[in-house]
Number of protein chains: 2
Amino acid sequence: MTKLTSVLDGAARWPVHYRKGRLIYDEGEASKAVYRLDKGCVRLQVNGAEGDRQIVAFLFPGDLFGLCVDRRNSSAEAVTDVDLTRYTLQSLLDLSTRSPEVTIQLMRGAETLYGELAHHVEQIAHLSAPERVLWFLHWLGAREPGRSGGTVRLPMSRRDVADYLGLTQETLSRVIRQLLTSGEVEARGPRMIVLRRPTVPLHQLGSDTPEAALSAL
Amino acid sequence: MTKLTSVLDGAARWPVHYRKGRLIYDEGEASKAVYRLDKGCVRLQVNGAEGDRQIVAFLFPGDLFGLCVDRRNSSAEAVTDVDLTRYTLQSLLDLSTRSPEVTIQLMRGAETLYGELAHHVEQIAHLSAPERVLWFLHWLGAREPGRSGGTVRLPMSRRDVADYLGLTQETLSRVIRQLLTSGEVEARGPRMIVLRRPTVPLHQLGSDTPEAALSAL
DNA sequence: CGCTTCTTTGAGTGCACTCAAATTGAGTGG
DNA sequence: CCACTCAATTTGAGTGCACTCAAAGAAGCG
């Protein structure tokens, strides 16, 4: 939160607010602004053909998004009520002529999203359903740690999680039940999950089986 | 292609060359340069845990890549012998203080890759194997049109295509055979394929329903 | 020409899917 | 506060697609 001041703050900006579920911008729109997420959770998504929706990113406080100069390549929607800082693209570009730091920050924002998405593709293409769910929970836990160790709060719906992991909601539901009954995770209400082991390094999730991960306790 | 990056040519740059199969940069390395592809084909990939490899992008002449300010979030390898122009990151950043155009071009480069990857995820998650292969062939045909209508040249191996589409090479091989016997595509040697109908505009493949897009072929 | 690498083909199986219905939860008004 | 409604989630049953394992065939390369 305190870190939310940046070199970008020399540009024209306003605080804006969106209610849960609202569209922040739509794919194909002209890009006129860049956003920083201050509070809440945002999803970036592409809406496919038959109403299939693929969520390509979940964003949390501190994240920069909407870094496009032409048209939006994805939609942004508020997962929860959100507070944003809206920077005009024009003023950011102007500001970039004053210091390379601005360009660096903009590139870093784009780079972070790209890196996450690249690994996201890798996970979807190569992991089984249970592995994907565990990977997601650990990623979320590392990203937004709960107060007590291993506790993960999920601000988004099951549908959102399924659309992020490339699973159907039915499969996701079954997998979560399986993880609960096998004791790999515990439930603290429908949107709070406790991981058996406090966050595991992400790279282990891809290589080890859930059993191997557990036996490493 | 010269117009796309002409504004960057005020930065320090050299022509460089890589042989087929060579590593241009590796995931995790410090980012010190940005590249423009002048000739040949490059793949961006992330290497998963158990030796799984996910190709996240195929690049063609005119494309800008390696736009990172910190560490490489993916590896880049030469699919064929390639000619590149290598820009030092530092000089590009310095140049960005002279004109917003530089920042715009850098952002546009990043934006293009992100947009393609976002749709790539969507395809992998929601299309069947035959649909993925047809989508890839049409994308490639639109990107690198052969001399005669509908002819697509594949500079990359079957293994590369499989790793791009999230399929095994066996499945890819079977699907291609199926498309050949059903007459949907024709072979002109192992690395040249003729599509039944001349290439469809890319936006139709992404935004329309698969039925609409595929039946339009 | 012999070697390695790439690609194709074969056989069989399991996982995640579709279709369908029950159940829970959230929001609204009496 | 409690029905009521509509959406979200869970559960059930059954099936097909893409996978793994295994081996033959084709193509590149010294």
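Every chain is numbered from 1 and lettered A, B, ... according to where its sequence line falls, protein lines coming before strand lines.
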Report task. Walk along DNA chain C from 5' to 3' and tell me the first and last nucleotide with an atom closer than 4.0 Å to a non-hydrogen atom of chain B. Result -> C:dT7 to C:dA11
Query raised in the report: Near DNA chain D, under 4.0 Å by heavy atom, which residues of residues 165-174 of chain A?
Result: A:Glu170, A:Ser173, A:Arg174
Please check if the side chain of [X] supplies one atom and the backbone of [Y] the other of a donor-acceptor pair under 3.5 Å.
X        : Y        : result
B:Arg86  : B:Tyr35  : no
B:Arg13  : B:Tyr87  : no
A:His138 : A:Val133 : no

Query - salt bridge (charged side-chain N to carboxylate O under 4.0 Å, His left out) between B:Asp26 and B:Arg71, worked out - result: CA-CA 9 Å; B:Asp26 201 7; B:Arg71 310 213 149 257; over 6 Å; no
Query raised in the report: OP1, OP2 of D:dT10 versus side-chain N and O of A:Arg177: anything below 4.0 Å?
Result: no
Query raised in the report: Got more than 12 heavy atoms from elsewhere within 6.0 Å of CZ, A:Arg22?
Result: no
Query raised in the report: Are A:Arg174 and A:Glu170 side-chain neighbours, meaning at least one heavy-atom pair lies under 4.5 Å?
Result: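 Yes; the side chains approach each other to less than 4.5 Å.
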Query - Side-chain touch A:Ile193/A:Leu137, heavy atoms, less than 4.5 angstrom - result: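 Yes - at least one pair of side-chain heavy atoms lies under 4.5 Å apart.
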Query raised in the report: How bent is the helix from C:dC1-D:dG30 to C:dG30-D:dC1, comparing axes over its five end pairs at each side, to the nearest 10°?
Result: 50°
Report task. Just do the side-chain contact (heavy atoms from CB on, under 4.5 Å) check on B:Met192 and B:Leu154 with the steps written out, would you? Result -> CA-CA 6 Å; B:Met192 192 79 89; B:Leu154 296 98; over 6 Å; no
**Report entry** Evaluation steps, side-chain contact (heavy atoms from CB on, under 4.5 Å), between B:Arg188 and B:Thr151
**Finding:** CA-CA 9 Å; B:Arg188 294 271 186 283; B:Thr151 300; 5.7 Å; no
Query - Plane angle bin for B:Phe58 and B:Tyr164 - parallel if under 30°, tilted between 30 and 60°, otherwise perpendicular - result: tilted
Requested in this report: For B:Gln45, check side-chain contact (heavy atoms from CB on, under 4.5 Å) against everything at least two apart and list the hits.
Outcome: B:Arg43, B:Asn47, B:Arg53, B:Ile55, B:Ser75, B:Glu77
Report task. Check side-chain contact (heavy atoms from CB on, under 4.5 Å) between B:Ala76 and all other residues, then give those that pass, not counting sequence neighbours. Result ->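 side-chain contact (heavy atoms from CB on, under 4.5 Å) list for B:Ala76, sorted by chain: B:Ile24, B:Tyr25, B:Val42, B:Leu44, B:Phe65.
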Query - Sugar-phosphate or base contact per nucleotide [nucleotides 25-30 of chain D; S, B, -; heavy atom under 4.0 Å] - result: ------
